[in-house]
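Down below is the structure, laid out as C-alpha cells.
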Number of protein chains: 2
Amino acid sequence: MTETFKPPSQADVAALAGVSSQTVSRVANERSNVDEETRQRVLSAMQVLGYRPNSAARALVTGRFRMLGVISFSLSAHGNSRTLQAISEAAQTAGYSVNLVGPESQTGGAMRKAFSKLTGQGVDGIIMIEAQILDHPDLRLPSGVPVVVADGDPDQLHPSVDNNQAVGAEAATAHLLGLGHRTVWHLAGPQDSYSARRRAAAWFSTLKRAGAPVPAVLYGDWSAGSGYAIGRRLAEDKDVTAVFVANDHMALGLIKALREAGREVPRDVSVIGYDDIPESGFFHPPLTTVHQDFEEVGRLCVSLLLDQLAHGHRPGGEERSMVTPQLVVRESTAPPPR
Amino acid sequence: MTETFKPPSQADVAALAGVSSQTVSRVANERSNVDEETRQRVLSAMQVLGYRPNSAARALVTGRFRMLGVISFSLSAHGNSRTLQAISEAAQTAGYSVNLVGPESQTGGAMRKAFSKLTGQGVDGIIMIEAQILDHPDLRLPSGVPVVVADGDPDQLHPSVDNNQAVGAEAATAHLLGLGHRTVWHLAGPQDSYSARRRAAAWFSTLKRAGAPVPAVLYGDWSAGSGYAIGRRLAEDKDVTAVFVANDHMALGLIKALREAGREVPRDVSVIGYDDIPESGFFHPPLTTVHQDFEEVGRLCVSLLLDQLAHGHRPGGEERSMVTPQLVVRESTAPPPR
DNA sequence: TCTCGTGATGTTTACGCCAACATCGTAGCC
DNA sequence: GGCTACGATGTTGGCGTAAACATCACGAGA
C-alpha cells in the first residue's frame, strides 16, 4: 500500500495539453508571448494534474530560491518574534518564503555557522534580527548573499533597519525630568546588545544636556527576574525617584521589588519601560513606556532586502532606515514625592 | 566591477583533488567506501575552494529538501513562539532547516494555501502549530507530505503533540475547589481554539464531578484587553470568588478590572492563569498558573515528524504525544472570603 | 593457479526546469 | 509577389547532484 506518489512534471502537463514543455514553462512563469487559447489549455491541464513547479529544479537552473533567511537569537524576546512575524508576512506577500535559524550562541563563530547554514540551504538574502556580533567577523562570506540587519550594530557593513532608540530613550528620560525629578536612574539591557547600548547612550546624553547628575548604569538581562533583582537593590536608595528601564519585562520585575520594599509606583518612584508590549497597559500600575513599531521594522527589512536583490547589492551598503518610537504615558510616572 | 561569483561545484573539487566528481559526492555524503587518504585529499580541496553542496541540485535528485515547514498562526501568542523556537532548534540539530509561513486567516482556505505554499517550496514535512481548522478540509494534499499537529484538533487525521490540557485545567479547577470555593468561573480562550475548548471541557467535568454548580463560560480572545473587559462584568457579581482563566495575559487584564472595582485578588477573588509565562511570577499579585512545557512540545513535534520521514508515514497517523503541565501555586489564590 | 568476492573508484544517466536558439506561419509593406 | 518582421511555439542543452552500473586491483580460498 505504499504507493509512491510521483508529482507531475512539466512534461506531463505538456503531453496532456498537446504542447511542448517549454510552453508550459512559459505559462508557469507568466511570459507574455503565449497565445491566450493555448494558455488556457495549459492552465487547465495543470489543474487536472495538480501540477506544481518543482522549486529545486527551478532554483537549480535560475540560481534563485525565492527564499529569505532570517537569523534570530531568541524568539522569547517580544520584539524579535513580532519582527519575525512581520518579516514572514512581508516576505510572503512578495512571493518569498522564510528560512529561520537561531545560532546556538551569540559568538561570531556561531553566527558564521548560522550564516553559512542559510547560504548552504540556498537563500537569496539574509535578515539578522538583533545582531550582536562581539568580535566583528566579516560576515560577507563568498556566497555573495545580501544582508540586512535589524536593530544591529551601527558600525556594521550591511544596510540596516533600526528602531530609533535615541528618540525613544530621550523622550522617556525627558518625560521624567520634565515631571520634576532631579535625575533619572537607568536599568539597561545586557551590555552586548546594541539596542540596549543606544538606549543607555541617549539616556546619558539627555541627562548631561539637562545638567542632571548621572547615576551609574545598572544592567539586567531583559528578564523580569533581573529587573526584580536590581529593583531590590535600588529600593534601598531613597534618592531614587525615577527609573528608566530598558524594557517592559524588567520594569515589571522592578516595580514588584519596589512595592515589596514599601515604595509605591508612581507615588515614591516613577518607572518607565520600553517596548510597549500588549500587556503593559494592564500592569499595576499601567506602565508608561515607549512604543516600538516592530511590524514596520520587519516590513522595512524585507523591502530593503528585496531592493538589494533587484538592483544588485552594492558592497558599501550604507542604507539605514529608522523607525520612530512613541512615548506612551500611562500611570507609572508622576512628579517626585515632596 | 560586478564580478559574478560562481560557486565551485563538485566537478571543480574533483578536478583539484584529481578524482571523479562521484568520489567528491561520496565524501560530501560521508559514505564509508572511500579510502581515507583520498577522503582527506578531497576534503582539503573542498576547503581550498570553499565548496558547499548545492542544495537545489541535491534536492532535485534525491527528492529530499532537508527542510521542515512550520505553519503558525500568530507568533505573538507566547506559546507559539516558544514552540517555534524549540522546533527550530530541534530541526537544526537534526540537520533540517525550518520554513515558516503564517496563513492570512484561520479559514480552511487560507490554511490550504499556506500548506500548498510549503509543499510548493519543497519541504519534507510540515508542523502546524495551534491548528484550528474550522471546516475540516482534508489537508493531506496529493503532495504526500507527512504532517504533525501541535495543540490541534483531536479529531485530526495527523499525528499530534499536545499539552495535556485536561490535566492542567483539572488541576487548576480542583485547586480552587480545594481551597473551599463553592464553584469556579471560567474565562476561556476563543471558541475556535482547540486548546481553549479542552481546557473548558476539563474545567466543566471537574466541576460536575465535584457536584459544584457550573457557571456560564465566558469567552475572551487571549488578550489582556479581553480579560479586562470580561473582568469588569464579572466584578459586579459578588458570587464570583474564583476564576480559572485560560491564559496568563487574560488573567492580568481580569485582575486589573477586579482591582478597579474594589475587589482584591486573592482576598475577594481567587484567579488562576494558564501558560506560566516568564512574567507571571512578577504580576501583582504573583499569579498562580499552569506551567506548560512548550519546548518539549516543539521537540516532540520534530521527532515525530522525523520518525515519519524515516519510516514512511502511515496514513492513519494516530500517534499522539502528550506533555504534562504543572500547577504552579503563587499568590493569586486563597480561600474564599467568609 | 584460477576464480571469486570485495572495496575503491570511475562513467553514465536522469532529476525538472529554463535559457538560448531554431522554426514556422502570418501580416505588413514595397 | 516576394520580402521582412514578429509573434507563437518547438528543440537542444546544461544547471549540480546522486543513483545505478561498470571497472579495476588485490587478496583469499579452492
Side-chain angles (χ1 to χ4, degrees), chain A residues 4-43 45-46 49-67 119-124 142-143, chain B residues 4-43 45-46 49-67 95 119-124 142-144:
Chain A
T4 326
F5 180 80
K6 174 74 156 35
S9 74
Q10 267 185 358
D12 301 324
V13 176
L16 179 58
V19 297
S20 77
S21 79
Q22 183 53 220
T23 300
V24 177
S25 168
R26 281 191 264 255
V27 171
N29 292 289
E30 296 174 335
R31 304 296 162 118
S32 53
N33 48 347
V34 177
D35 188 79
E36 181 55 26
E37 197 250 356
T38 315
R39 213 178 73 85
Q40 287 306 332
R41 198 145 37 90
V42 171
L43 243 27
M46 283 178 172
L49 296 174
Y51 169 75
R52 328 220 58 220
N54 179 316
S55 68
R58 177 176 283 176
L60 178 59
V61 72
T62 61
R64 298 268 153 154
F65 296 82
R66 296 203 72 78
M67 184 151 66
T119 57
Q121 254 303 328
V123 294
D124 302 319
S143 61
Chain B
T4 326
F5 180 80
K6 175 75 157 29
S9 74
Q10 269 185 358
D12 300 325
V13 176
L16 180 58
V19 297
S20 77
S21 82
Q22 185 54 222
T23 300
V24 177
S25 168
R26 281 189 266 255
V27 171
N29 292 288
E30 294 174 339
R31 303 295 162 118
S32 52
N33 45 350
V34 177
D35 189 80
E36 180 57 25
E37 196 249 355
T38 314
R39 214 177 73 84
Q40 288 305 333
R41 199 146 34 91
V42 171
L43 243 27
M46 283 179 173
L49 296 175
Y51 169 76
R52 328 221 59 223
N54 178 316
S55 69
R58 177 177 284 177
L60 178 60
V61 73
T62 61
R64 301 266 154 152
F65 295 81
R66 296 201 74 78
M67 182 150 68
T119 57
Q121 254 301 330
V123 295
D124 301 320
S143 61

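Rounded to whole angstrom, the span from the CD atom of A/Q10 across to the P atom of C/dC17 amounts to 4 Å. Between the CG atom of B/N33 and the P atom of C/dA8 there is a distance of 6 Å, given to the nearest Å. If you measure from atom CE of A/M46 to atom P of C/dG16, you get 15 Å, rounded to the nearest angstrom. Rounded to whole angstrom, the span from the CZ atom of A/R58 across to the C1' atom of C/dC15 amounts to 16 Å. One atom, CG of A/L60, and another, C1' of D/dA18, lie 13 Å apart when rounded to the nearest Å. Between the P atom of C/dC18 and the CD atom of A/E30 lies a distance of 12 Å, rounded to the nearest Å. The nearest whole Å value for the distance from the CG atom in A/D35 to the C1' atom in D/dG10 is 15 Å. Here C/dG16 presents its P atom at 11 Å from CZ of B/F65, a figure rounded to the nearest Å.
Taking 4.0 angstrom as the limit, A/S9 places none of its side-chain polar atoms (N or O) nearer than this to OP1 or OP2 of C/dG16. Neither OP1 nor OP2 of C/dA8 sits under 4.0 Å from any side-chain N or O of B/T38. The shortest distance between the side-chain N/O atoms of B/R26 and the OP1/OP2 oxygens of C/dA8 is not below 4.0 Å. Taking 4.0 angstrom as the limit, B/T23 places a side-chain polar atom (N or O) nearer than this to OP1 or OP2 of C/dG10. Taking 4.0 angstrom as the limit, B/Q22 places none of its side-chain polar atoms (N or O) nearer than this to OP1 or OP2 of D/dA18. Between B/R31 and the phosphate of D/dA19, there is a side-chain N or O to OP1/OP2 separation shorter than 4.0 Å.
By the 6.0 Å contact criterion, CD on B/E36 is enclosed, its count of non-hydrogen atoms from other residues, nucleotides or ligands being greater than 12.
If B/A57 and B/S20 are placed on DNA chain C by their nearest nucleotide, the residue sitting closer to the 5' end is B/S20. Judged by closest nucleotide on DNA chain C, B/V19 is the one of B/V19 and A/V24 placed further toward the 5' end.
Note on A/V61: a base of the nucleic acid sits closer than 4.0 angstrom, heavy atoms only. Looking at heavy-atom distances under 4.0 Å, B/R39 makes no contact with the nucleic acid at all.
Of the candidates D/dG16, C/dT9, C/dC17, D/dG16 carries the atom nearest the B/N54 side chain, counting heavy atoms from C-beta on. Taking every side-chain heavy atom of B/S25 into account, D/dA18 is the closest of D/dT17, D/dA18, D/dT9. Candidate nucleotides D/dT17, D/dG14, C/dA20 were compared by shortest atom distance to the side chain of B/P53, and D/dT17 ranks first.
Here the side chain of B/T23 pairs no donor or acceptor atom with the backbone of B/V19 at under 3.5 angstrom. Listed for the B/S55 side chain is a donor-acceptor partner under 3.5 Å among the backbone atoms of A/Q121. At distances below 3.5 Å, not a single donor-acceptor pair connects side-chain atoms of A/D124 with backbone N or O atoms of A/R64.
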Exercise. Could you please spell out the steps behind the side-chain contact (heavy atoms from CB on, under 4.5 Å) verdict for A/Q40 and A/V34?
Key: CA-CA 10 Å; A/Q40 287 306 332; A/V34 177; over 6 Å; no
Exercise. Give the C-alpha distance, both sets of side-chain angles, the deciding distance and a yes or no for side-chain contact (heavy atoms from CB on, under 4.5 Å) between B/M46 and B/V27.
Key: CA-CA 10 Å; B/M46 283 179 173; B/V27 171; 4.1 Å; yes
